Structure formats: structure tokens, C-alpha cells
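Working notes, structure below.
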Amino acid sequence: MTNLAVLLPQVLPGAISWAEEQERQALATGAALSPQGIADARTVGVLAPEKIRVVVAPALPLPDDEWLRKVALSTGLLGPNFAGLTLGYAIFIVLGHSTRQLLTHECRHVYQYEVAGSIAAFMPTYLGQIATVGYNDAPFEVDARQHEIL
């Protein structure tokens with residue numbers, strides 16, 4: 001597995017740019033939350049749940065840039081074992097995996113982005129956590145799991 005901590009300074013600019021573009025596209029094409037989804041998002045702390053858009057697709061998006069895609073897959077940041085991904089106010093869910101538990105987990109990530117202020121402010125901290133303690137123990141992931149509504 002590629003060492004994310006070593007690559008992080010090189011990865012961040014491209015990852016942030018890619019994430020911002022994915023959010024732009026999803027905000028233009030994704031679905032708004034249902035009234036229940038908005039209530040759940042507020043329950044997990046989201047300040048502006050009406051801004052969230054959800055894209056349900058056969059797979060999560062991957063970077064077009066070959067090097068960035070390879071790093072994301074080889075470090076375990078993205079891959080076939082993931083069912084959801086949040087980039088700012090955009091939530092991506094793999095078709096067949098849309099549950100209240102997953103949606104509230106991803107909404108908690110929206111809240112984390114809101115607190116950080118932007119994708120560019122959130123990603124260095126989030127990716128740094130994953131690089132140092134791993135995905136499961138990353139504080140943002142622990143927090144999101146603690147706010148899931150079953």
C-alpha cells in the first residue's frame with residue numbers, strides 16, 4: 001500500500017481541485033434531501049441541509065488524473081469497498097446502498113466541512129488523519145459513526 005503521509009503534500013492540491021469540481025457537478029445534478037433527510041441532517045449538526053445534493057450512482061467518482069486516481073486507490077482513500085463519499089455539500093452514494101445510517105454518516109461529514117469552512121480547509125486535516133491513524137480511527141470518521149441514525 002502506498003504511504004499517504006509521504007505523498008500528502010503532493011496529493012492535496014489535485015485532490016482539493018478534484019473534490020471541488022465533483023461538488024460543483026453534484027450540486028447542479030444531484031437530488032435535494034427529503035423532508036426526513038433534512039430533519040436527520042439537522043439532527044447530526046448540519047447548518048444548511050437545504051444545500052445538500054445527493055448523487056446515487058453505480059460507483060463513487062474517481063479522479064480522471066491517472067496518478068491521483070492511482071494514489072487514491074492504492075492508499076485506500078477511495079475504492080470498491082466504499083458506499084458513500086462526501087465532498088462539501090455533495091453526497092455520493094453507491095446504488096443499492098442508500099440507507100438512513102449511511103446518509104446520516106455522510107451528513108455528519110457535511111457538518112465537518114461546514115465547520116472547516118471549505119473543501120480546501122477540510123481536506124488537509126481529514127487526509128492527514130487518515131494518513132496518520134488510518135481510516136477507521138480517523139477522528140472525523142469516528143465522529144461520523146457516532147452520529148449515525150439507524
Side-chain angles (χ1 to χ4, degrees), residues 1-2 4 11-12 14-66 68-131 133-150:
M1 190 172 260
T2 304
L4 179 60
V11 168
L12 273 170
I16 290 167
S17 177
W18 173 79
E20 290 171 341
E21 179 56 29
Q22 293 304 305
E23 183 194 36
R24 270 193 293 282
Q25 291 176 18
L27 293 180
T29 63
L33 292 174
S34 68
Q36 180 66 58
I38 288 175
D40 285 348
R42 281 199 179 102
T43 298
V44 302
V46 176
L47 304 172
E50 68 282 351
K51 292 183 179 180
I52 295 173
R53 293 296 177 267
V54 179
V55 174
V56 178
L60 297 179
L62 289 171
D64 290 330
D65 178 89
E66 186 178 340
L68 194 57
R69 182 175 60 249
K70 189 174 182 179
V71 169
L73 292 169
S74 66
T75 58
L77 288 175
L78 294 172
N81 297 328
F82 289 87
L85 173 67
T86 298
L87 301 170
Y89 283 103
I91 297 175
F92 300 87
I93 306 267
V94 174
L95 190 63
H97 292 272
S98 192
T99 64
R100 187 178 191 198
Q101 181 178 2
L102 179 60
L103 192 58
T104 53
H105 176 102
E106 299 304 329
C107 281
R108 185 61 180 184
H109 286 311
V110 170
Y111 163 78
Q112 294 164 352
Y113 276 101
E114 287 179 324
V115 170
S118 67
I119 288 173
F122 173 83
M123 288 193 78
T125 302
Y126 178 71
L127 295 180
Q129 290 176 1
I130 292 173
V133 298
Y135 178 82
N136 285 331
D137 295 325
F140 281 154
E141 286 301 328
V142 171
D143 177 67
R145 286 194 302 275
Q146 291 172 342
H147 285 84
E148 293 173 356
I149 299 173
L150 304 177

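It should be emphasised that the depicted structure is a prediction, and the values quoted were computed from it without experimental measurement. The residues of the chain are indexed from 1 along the displayed sequence. Worth knowing before you read on, the calculation uses all heavy atoms, side chains too, and leaves out hydrogens, waters and symmetry mates.
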Identify each donor-acceptor pair in which a side-chain atom of residues 80-98 lies under 3.5 Å from a protein atom, sequence neighbours left out, and give them as a table.
{"from": "Thr86", "atom 1": "OG1", "to": "Glu106", "atom 2": "O", "distance (Å)": "3.3"}
{"from": "Thr86", "atom 1": "OG1", "to": "Glu106", "atom 2": "OE1", "distance (Å)": "2.6"}
{"from": "Tyr89", "atom 1": "OH", "to": "Glu114", "atom 2": "OE2", "distance (Å)": "2.7"}

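When every heavy atom of Gly79 is checked against every heavy atom of Leu73, the shortest pair comes out as CA-CD2, 3.7 Å. When all heavy atoms are compared, the tightest approach of Asn136 to Arg145 is O-NH2, 2.5 Å. Across all non-hydrogen atoms, the minimal contact from Phe140 to His109 is O-CE1, 3.6 Å. Closest approach of Ile130 and Ala138 over heavy atoms only: CG1-CB, 4.0 Å. Closest approach of Val55 and Ala26 over heavy atoms only: CG2-CB, 3.7 Å. Closest non-hydrogen pair, Thr99 versus Leu102, comes out as OG1-N, 3.0 Å.
Taking CD1 from Ile149 and SG from Cys107, the interatomic distance works out to 8.5 Å, rounded to the nearest 0.5 Å. To the nearest 0.5 Å, the span separating CD on Glu148 from CD on Gln101 amounts to 4.0 Å. Atom OG1 of Thr104 sits about 10.0 Å away from atom NE2 of His147, to the nearest 0.5 Å. For the atom pair CH2 (Trp18) and CG (Asp65), the distance works out to 11.5 Å, reported to the nearest 0.5 Å. Taking OG1 of Thr75 as the reference point, atom NZ of Lys70 lies at 12.5 Å (rounded to 0.5 Å).
Between the side chain of Arg69 and the backbone N or O of Leu62, no donor-acceptor pair lies under 3.5 Å. Not one N or O on the side chain of Gln22 forms a donor-acceptor pair closer than 3.5 Å with the backbone of Pro61.
Scanning for side chain to side chain contact (heavy atoms under 4.5 Å, CB included) contacts around Ala32 gives Arg53, with sequence neighbours left out.
Residues in residues 37-46 take part in these side-chain hydrogen bond (donor to acceptor under 3.5 Å, both in side chains) pairs, two or more places apart or across chains: Gln36-Asp40, Asp40-Arg100.
By the 4.5 Å heavy-atom criterion applied to side chains, Leu33 and Leu103 are counted as neighbours. Contact check for Val71 versus Pro63: no side-chain heavy atoms found under the 4.5 Å cut-off.
Under the 4.0 Å criterion applied to side-chain N and carboxylate O atoms, Arg24 and Glu21 are assigned as salt-bridge partners.
The number of heavy-atom neighbours closer than 6.0 Å to OH of Tyr126, taken from other residues, nucleotides and ligands shown, is above 12.
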